[in-house]
J.: 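Following this message is one structure expressed as structure tokens.
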Number of protein chains: 2
Amino acid sequence: MSTAADRELPLPPPAGCRAREILEIIADKWSLYVVASLGDGPRRFNELKRSIDGISQRMLTVTLRGLERNGILTRTVLNVMPPHVSYELTPMGSTLVAATAPLIEWSTRNLSAIDAARLEYDARGARRTSSRR
Amino acid sequence: MSTAADRELPLPPPAGCRAREILEIIADKWSLYVVASLGDGPRRFNELKRSIDGISQRMLTVTLRGLERNGILTRTVLNVMPPHVSYELTPMGSTLVAATAPLIEWSTRNLSAIDAARLEYDARGARRTSSRR
DNA sequence: CTGAATCCACCGGGATACTG
DNA sequence: CAGTATCCCGGTGGATTCAG
């Protein structure tokens, strides 16, 4: 029966639980690029598309809609011919960019270390892990 | 037709944009939880499983392997019966936790604003965007 | 120019069962 | 206790086409 499992944790999803939910705002494949690109200033649809290598029209649209819905950016339609649409970070969007900065910096600073770790891990065939007795 | 010949584009992103690649380390569904949980200290497999609500054995294993491969944590096997396996953050893993802190804080600070933005967006049926002429 | 719509391939990830 | 092995479903996202 209850061996030593009295360590029940009644709050597995801690206060930071919704942090995941928020992470999902930028954890998809393209949001980070879009947000980063808008960090330089307002952009139009095709400007964004050109600035983000490999993104499809569909995914750019989907990504922009999601970010707009979450209040990260605004969409402004210029009623002219041909139509222009300008995307711009909201104040909250700007603070998000700032909040991601440490992570970006961490990544650039640890790129080589991560590559090395991967090489080593793959080299040893994942067979060998440190063991003690 | 002849789709077999078009084997290309492993990763076309620009030079400095490996940030995405790094984000993928924690952008999956569970890594953040695992890393956060280990931030409190070393944990064993089932301890982690219990502390992370809803995670399956499979996904915990997969997530741990990925983080280990990337040098974020170490896996230590205690050769005893029954077997014990301890997971612990590497120094690099600890710095990662620190780098994610601003994002976590941002999320908690903007939760309500995001909810409000979503409600408003959904309320207006996404029909109305600001337009100028 | 800026999208919406459709079709579809891929794989992340859940449930379950088995192993050392 | 700490995994591995299968099966399988749904979401993500690419390519393409149509529309305002």
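Numbers restart at 1 for each chain; the letters A, B, ... are given by sequence-line order, proteins then strands.
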J.: Mind calculating the distance between CZ (B:Arg50) and C1' (D:dA2) to the nearest angstrom?
T.: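 In whole Å, D:dA2 C1' lies 12 Å from B:Arg50 CZ.
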J.: CZ of B:Arg44 versus P of D:dA2: gap in Å, rounded?
T.: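 After rounding, the gap between these two atoms is 4 Å.
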J.: Taking side chain to side chain contact (heavy atoms under 4.5 Å, CB included) as the criterion, tell me which of B:Asp28, B:Thr63, B:Leu89 meets it with B:Val34.
T.: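 Of the listed options, the one satisfying the test is B:Thr63.
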J.: To the nearest 0.5 Å, how far apart are CZ in B:Arg69 and CG in B:Leu64?
T.: 15.0 Å
J.: Rounded off to whole Å, could you give me the CG-to-C1' distance for the A:Asp28 and D:dG14 pair?
T.: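 Taking atom C1' of D:dG14 as the reference, CG of A:Asp28 is at 15 Å.
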J.: Starting at atom CZ of A:Arg58, determine the distance to atom C1' of C:dC7, rounded to an integer number of angstrom.
T.: 10 Å
J.: Starting at atom CG of A:Leu60, determine the distance to atom C1' of C:dT2, rounded to an integer number of angstrom.
T.: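 Those two atoms, CG and C1', are 10 Å apart.
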J.: Closer than 4.0 Å, any side-chain N/O of A:Arg75 to the OP1 or OP2 of C:dT2?
T.: no
J.: Choose from C:dG14, D:dT4, C:dG3 the nucleotide whose nearest atom is closest to any side-chain atom of A:Gln57.
T.: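 Out of C:dG14, D:dT4, C:dG3, the nucleotide with an atom closest to A:Gln57's side chain is C:dG3.
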J.: Going by an N to O cut-off under 4.0 Å, is there a salt bridge joining A:Glu24 and A:Lys29?
T.: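 No.
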J.: What is the separation between atom CG on B:Asp53 and atom C1' on C:dG14, rounded to the nearest whole Å?
T.: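 For the pair B:Asp53 CG and C:dG14 C1', the rounded distance is 14 Å.
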J.: Which whole-number value in Å describes the distance from B:Met59 CE to C:dG12 P?
T.: 8 Å
J.: Under 4.0 Å from OP1 or OP2 of D:dG14: is there any side-chain N or O of A:Lys29 that close?
T.: yes
J.: Hey, could you give me the CG/CD1 distance between A:Leu38 and A:Ile72, rounded to the nearest 0.5 Å?
T.: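 Output value for this atom pair is 11.0 Å.
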J.: Look at the side chain of B:Val85 and decide which nucleotide, out of C:dC1, D:dG3, D:dG14, has an atom nearest to it.
T.: D:dG3
J.: OP1, OP2 of C:dC1 versus side-chain N and O of A:Tyr87: anything below 4.0 Å?
T.: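 Checking A:Tyr87 against C:dC1: no side-chain N or O falls below 4.0 Å of OP1 or OP2.
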J.: Does A:Pro83 or A:Trp30 map to a spot on DNA chain D nearer the 5' end, using the closest nucleotide for each?
T.: A:Trp30
J.: Strictly by modelled atom types, are B:Tyr87 and B:Arg43 linked by a side-chain donor-acceptor pair under 3.5 Å?
T.: no
J.: Can you tell me the distance, in whole Å, between the CD1 atom of B:Ile52 and the C1' atom of C:dG14?
T.: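 Going from CD1 in B:Ile52 over to C1' in C:dG14 covers 16 Å.
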